[in-house]
Amino acid sequence: MAKMFIGENFKTPLARISYAQGLGKVNDDGKYAVTLIFPNADLGPIKTAVANVVTNQWGEKGVERFKNGLIKNPIIAGDSKSARNKQSGDLNPGMGPDVSFIRPWSKQPIKCFGPDVLPMDAADVRSGWWGFGVLTPFAWH
């Protein structure tokens, strides 16, 4: 089995939830997934978690590879190719040069909590809502 570093859980900045249906339904890859959009947010917690994982998985060589784009950065620019419609090339709703986003996923059902901090059904979460994610960063070869 490949070596894999798993980082500490961390809370994301406030994000707009997109593709919320993926929180409660397994996609074609067998994963639960969502897109979290961060408009003008301080992405320090995410950057710190990514740097920690890269350093612990690959050491200083990994840091250099990450800086050179050889290790995938989970933080995606809101005006990048990934933010565009595959057929038209237009930016998807909510995307633009003033946002960044990530696409976290899990092989386990995703736990969701309402504003009252009580558990809620993931199928009840709607795209466009605002919320925080609690993520566990990891890396593998």
Side-chain angles (χ1 to χ4, degrees), residues 2-141:
K3 175 183 157 192
M4 181 171 150
F5 178 79
I6 300 174
E8 296 289 322
N9 291 354
F10 70 96
K11 181 179 169 184
T12 70
L14 185 64
R16 171 89 58 181
I17 299 167
S18 187
Y19 301 102
Q21 69 275 10
L23 290 168
K25 185 173 74 173
V26 177
N27 65 20
D28 294 340
D29 295 332
K31 300 172 184 169
Y32 298 88
V34 69
T35 298
L36 299 177
I37 304 171
F38 304 100
N40 300 321
D42 173 13
L43 300 179
I46 300 172
K47 290 177 180 179
T48 298
V50 169
N52 181 44
V53 166
V54 168
T55 303
N56 280 287
Q57 179 75 23
W58 296 289
E60 289 306 314
K61 283 185 185 179
V63 172
E64 194 60 36
R65 288 179 183 151
F66 182 77
K67 287 179 184 176
N68 292 329
L70 299 174
I71 295 174
K72 186 177 178 180
N73 188 343
I75 302 169
I76 306 167
D79 58 354
S80 67
K81 180 179 175 183
S82 296
R84 298 180 179 277
N85 179 291
K86 290 180 182 175
Q87 283 77 34
S88 69
D90 295 335
L91 285 173
N92 288 319
M95 297 297 176
D98 58 338
V99 303
S100 297
F101 66 99
I102 60 173
R103 293 184 171 136
W105 57 267
S106 173
K107 291 185 179 181
Q108 305 297 320
I110 297 172
K111 296 176 185 171
C112 297
F113 298 88
D116 52 6
V117 196
L118 293 174
M120 65 182 292
D121 190 330
D124 293 336
V125 176
R126 299 287 175 250
S127 293
W129 284 8
W130 290 89
F132 298 93
V134 176
L135 305 178
T136 306
F138 64 94
W140 72 96
H141 300 318

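One is the number of the first residue; the rest follow in order along the sequence. In what follows, every heavy atom counts, from backbone to side chain, and hydrogens, waters and symmetry copies are set aside. Being a predicted model, the structure only gives us computed values, none of them experimental.
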For [X] versus [Y], what's the shortest heavy-atom pair and its separation?
X      : Y      : result
Phe66  : Ile71  : CD1-O, 3.7 Å
Val63  : Val54  : N-CG1, 3.7 Å
Gly78  : Ala83  : O-CB, 3.2 Å
Ala139 : Val53  : CB-CG1, 3.2 Å
Val125 : Ala20  : O-CB, 3.6 Å
Pro104 : Leu135 : CB-CD2, 3.8 Å

Spatial distance of atom [atom1] ([X]) from atom [atom2] ([Y]) [nearest 0.5 Å]:
X      : Y     : atom1 : atom2 : value
Phe38  : Leu43 : CZ    : CG    : 6.5 Å
Arg84  : Lys81 : CZ    : NZ    : 11.0 Å
Gln57  : Ile6  : CD    : CD1   : 10.0 Å
Met120 : Leu23 : CE    : CG    : 9.5 Å
Lys67  : Asn73 : NZ    : CG    : 13.0 Å
Ser80  : Leu91 : OG    : CG    : 8.5 Å

### Side-chain donor or acceptor of Thr12 paired with backbone N/O of Gly133 under 3.5 Å
yes
### Query
Is a side-chain donor or acceptor of Arg16 paired with a backbone partner of Gly128 at a separation under 3.5 angstrom?
yes
### Task
Look at atom CZ of Phe138 and say whether more than 12 heavy atoms of other residues, nucleotides or ligands are closer to it than 6.0 Å.
yes
Does the side chain of [Y] come within less than 4.5 Å of [X]'s, by heavy atoms?
X     : Y      : result
Ser82 : Arg103 : yes
Asp42 : Pro13  : no
Lys47 : Val50  : no
Gln21 : Ser127 : yes
Asn52 : Phe10  : no

Would you mind writing out the side-chain donor-acceptor pairs for residues 26-37 within the sub-3.5 Å range, not counting sequence neighbours?
from: Asn27; atom 1: OD1; to: Asp29; atom 2: N; distance (Å): 2.8
from: Asn27; atom 1: OD1; to: Gly30; atom 2: N; distance (Å): 3.2
from: Asn27; atom 1: OD1; to: Lys31; atom 2: N; distance (Å): 3.0

### Task
List the steps and the verdict of side-chain contact (heavy atoms from CB on, under 4.5 Å) for Phe132 and Leu14.
CA-CA 5 Å; Phe132 298 93; Leu14 185 64; 3.8 Å; yes
